[in-house]
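Everything below concerns the one structure shown next.
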Protein chains: 2
Amino acid sequence: MGRRSDHSREEIRKMAIDAATKIVETEGFQALTARKVASNIGYTVGTLYHVFRNFDDLVIHMNAQTIDEIVARMQKAVGKKRSPEGRIRAMAAVYVDFATEHPDRWRVIFEHQAPPGVPTPELMGVRRDVVFEMVAENFRELSPNHIPQEVAHAATALWSGIHGICILALTGKLYLGGAFSMSKLVDTLIDSVLNEFRRTQSAD
Amino acid sequence: MGRRSDHSREEIRKMAIDAATKIVETEGFQALTARKVASNIGYTVGTLYHVFRNFDDLVIHMNAQTIDEIVARMQKAVGKKRSPEGRIRAMAAVYVDFATEHPDRWRVIFEHQAPPGVPTPELMGVRRDVVFEMVAENFRELSPNHIPQEVAHAATALWSGIHGICILALTGKLYLGGAFSMSKLVDTLIDSVLNEFRRTQSAD
DNA sequence: CCATTATTTGAACATCGTTCAATAATCATG
DNA sequence: CATGATTATTGAACGATGTTCAAATAATGG
């Protein structure tokens, strides 16, 4: 073969990422293979490595796309709400829903760690911070009396907690003594942290 | 070779688990290999498979031992505290400390998923529930007015949240806008959930 | 002392990520 | 239009992985 030019570099990248997403979604992460991705888009491994530097590089870009999808859904949901509290709850609902609907894709985001030669300096970091920023922004609006550090702290604590509920629920590692719903657990966390946040005041 | 009988089946299992633990601790999970474990204890792969049915089986037993270690530390820490709240905080501190001191071992517990033929029915489940039970027990003692469901619910929400903070912090996926300490984030979550718990009352 | 039994080995297999020379199709040029 | 340069694509090859299993070996029992 040779320069077939059926697809551009960028087109192949997109095709590969989409194929990888579909494989993870239907067969789980452990079924994701460079050769399988390549053959699913009508190419061979060599081509894949011509377009991604690593297998991990492919995974990283797939994850970035997943995060973008989550953020997009959050922004859409947030737009419909008037109060900061409503927006925070809407964001959490999107997070929980996405994790429930796409458990494998969601897990890969957090459980995939690129070995030594990490080509992920900012690609993911920036996207993570976007989510935290969205939460923090609403905390800020909720109570302008807090200093930025306190706002960011509360937002981080809450969001990490929500994340923890999702992870344990998804991996079946939640306490089974009482078959709780993720939504209710998340509600409890939101109620708790928001109330505590309103009660607390800056020392300044 | 042949029946050398230098070590019993059970001794080899223990040696293998300890060797695996050491490898994970020093080189990370991706460096854990059946052949490496075997050679580190003076045997070959074949023997390892004579004693564990899977590579995953070995990992699972390693994880069980790690959880046992965490639980033991928790029980020790809990023994020194008088109040339920003090005990909950002590447990959380142990959890955070262990995750910080042994990040790779801690992560394997939660990120390792045994493929299809899972030989992990109760081995892990029981151990997880032990931790949740310890937390729930102190919630119960904290406020006898709540019905068991509410107690378990609050305990689950708090502990999942703490777990989330540990995971995100360990994997470097926490919001960097404010370089928070895990302990303070955990404190915020504990304060929030405990206060909310005290405020809430059973409808009965 | 030999036969049985249990233990340990290591070669073999399929599959994985990864590399890279060879190949084939296109483009540019005269 | 033909020919050479360029580039996309291939697929064989490599080392390492988990896993299996017949063979080899040591201990045991009669």
Side-chain angles (χ1 to χ4, degrees), chain A residues 1-17 19-20 23-24 27-63 104 108 111-120, chain B residues 1-17 19-20 23-24 27-63 104 108 111-120:
Chain A
M1 307 287 167
R3 182 195 328 183
R4 209 166 56 191
S5 206
D6 281 356
H7 307 97
S8 73
R9 244 181 105 86
E10 223 46 49
E11 282 174 333
I12 295 180
R13 283 173 70 92
K14 175 113 189 73
M15 288 163 61
I17 292 173
I23 292 169
V24 169
E27 309 175 53
F29 180 66
Q30 85 283 2
L32 187 66
T33 280
R35 285 174 177 81
K36 193 183 286 187
V37 170
S39 93
N40 278 18
I41 62 173
Y43 285 89
T44 57
V45 238
T47 301
L48 210 59
Y49 276 82
H50 182 63
V51 158
F52 292 101
R53 80 179 78 183
N54 268 340
F55 180 75
D56 293 295
D57 194 30
L58 166 61
V59 175
I60 285 164
H61 282 84
M62 179 185 71
N63 284 343
D104 289 302
V108 186
E111 293 180 3
H112 177 263
Q113 57 175 348
V118 225
T120 340
Chain B
M1 308 287 168
R3 182 196 325 186
R4 210 166 54 191
S5 206
D6 282 354
H7 307 97
S8 73
R9 245 181 103 87
E10 223 47 49
E11 281 174 331
I12 294 180
R13 284 172 69 93
K14 175 116 188 70
M15 287 163 61
I17 292 173
I23 292 169
V24 169
E27 309 175 54
F29 179 66
Q30 86 283 0
L32 187 65
T33 281
R35 285 173 177 83
K36 192 182 286 184
V37 170
S39 93
N40 278 18
I41 63 173
Y43 286 89
T44 57
V45 239
T47 302
L48 209 60
Y49 276 83
H50 183 62
V51 158
F52 292 100
R53 80 179 77 183
N54 268 341
F55 180 75
D56 292 296
D57 194 30
L58 165 60
V59 175
I60 286 164
H61 281 83
M62 179 185 72
N63 284 341
D104 289 302
V108 185
E111 294 182 3
H112 176 262
Q113 56 173 347
V118 225
T120 341

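Naming convention: chains lettered A, B, ... in sequence-line order (proteins, then strands); numbering from 1 in each chain.
The side chain of Asn54(B) places an N or O atom within less than 4.0 Å of a non-bridging phosphate oxygen (OP1 or OP2) of dT19(D). Phosphate proximity of dT18(C) to Tyr49(A): present, with a side-chain N or O under 4.0 Å from OP1 or OP2.
Of the inter-residue distances, the one linking Phe55(B) atom CZ with Arg35(B) atom CZ reads 11.0 Å to the nearest 0.5 angstrom.
We find that CG of Asp6(A) is positioned 14 Å from C1' of dT7(D), with the value rounded to whole Å. Straight-line distance from the CG atom of Leu58(B) to the P atom of dT17(D): 15 Å, rounded to whole Å. With rounding to whole Å, Glu27(A) atom CD is found 11 Å from dC16(C) atom P. Taking atom CZ of residue Arg35(A) and atom P of nucleotide dG17(C), one finds them 7 Å apart after rounding to whole Å. If you measure from atom CD of Glu11(A) to atom P of dA8(D), you get 13 Å, rounded to the nearest angstrom. Atom P of nucleotide dA26(D) and atom NE2 of His7(B) are separated by 17 Å, given to the nearest angstrom. Straight-line distance from the NE2 atom of His50(A) to the P atom of dT7(D): 10 Å, rounded to whole Å. Rounded to whole Å, the distance from CG on Leu32(A) to P on dT15(C) is 17 Å.
A perpendicular orientation is assigned to the rings of His112(B) and Phe29(B), their planes being inclined by more than 60° (bins at 30° and 60°).
At least one side-chain heavy atom of Tyr43(A) sits under 4.5 Å from a side-chain heavy atom of Ile12(A).
In terms of position on DNA chain D, the residue among Lys36(B) and Leu48(A) whose nearest nucleotide sits closer to the 5' end is Leu48(A). Sequence order on DNA chain C of the closest nucleotides to Ile12(B) and Gly46(A) puts Ile12(B) first from the 5' end.
Among the candidates Val108(A), Asp104(A), Val24(A), the single residue satisfying the side-chain contact (heavy atoms from CB on, under 4.5 Å) test with Leu32(A) is Val24(A).
The residue Arg9(A) sits apart from the nucleic acid: no heavy atom pair falls under 4.0 Å. As judged by a 4.0 angstrom heavy-atom cut-off over every strand, Thr33(B) is placed among residues touching the sugar-phosphate backbone only. Within 4.0 Å (heavy atoms only), Phe55(B) reaches sugar-phosphate atoms of the nucleic acid but no base atom.
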Going through the distances and angles, do Lys14(A) and Glu11(A) end up as a salt bridge (Lys or Arg N to Asp or Glu O under 4.0 Å)? CA-CA 5 Å; Lys14(A) 175 113 189 73; Glu11(A) 282 174 333; over 6 Å; no
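Of the candidates dT20(D), dG17(C), dT9(C), dT9(C) carries the atom nearest the Thr47(B) side chain, counting heavy atoms from C-beta on. The side chain of Tyr43(A) approaches dT10(D) more closely than any other nucleotide in the set dT10(D), dG18(D), dT18(C).
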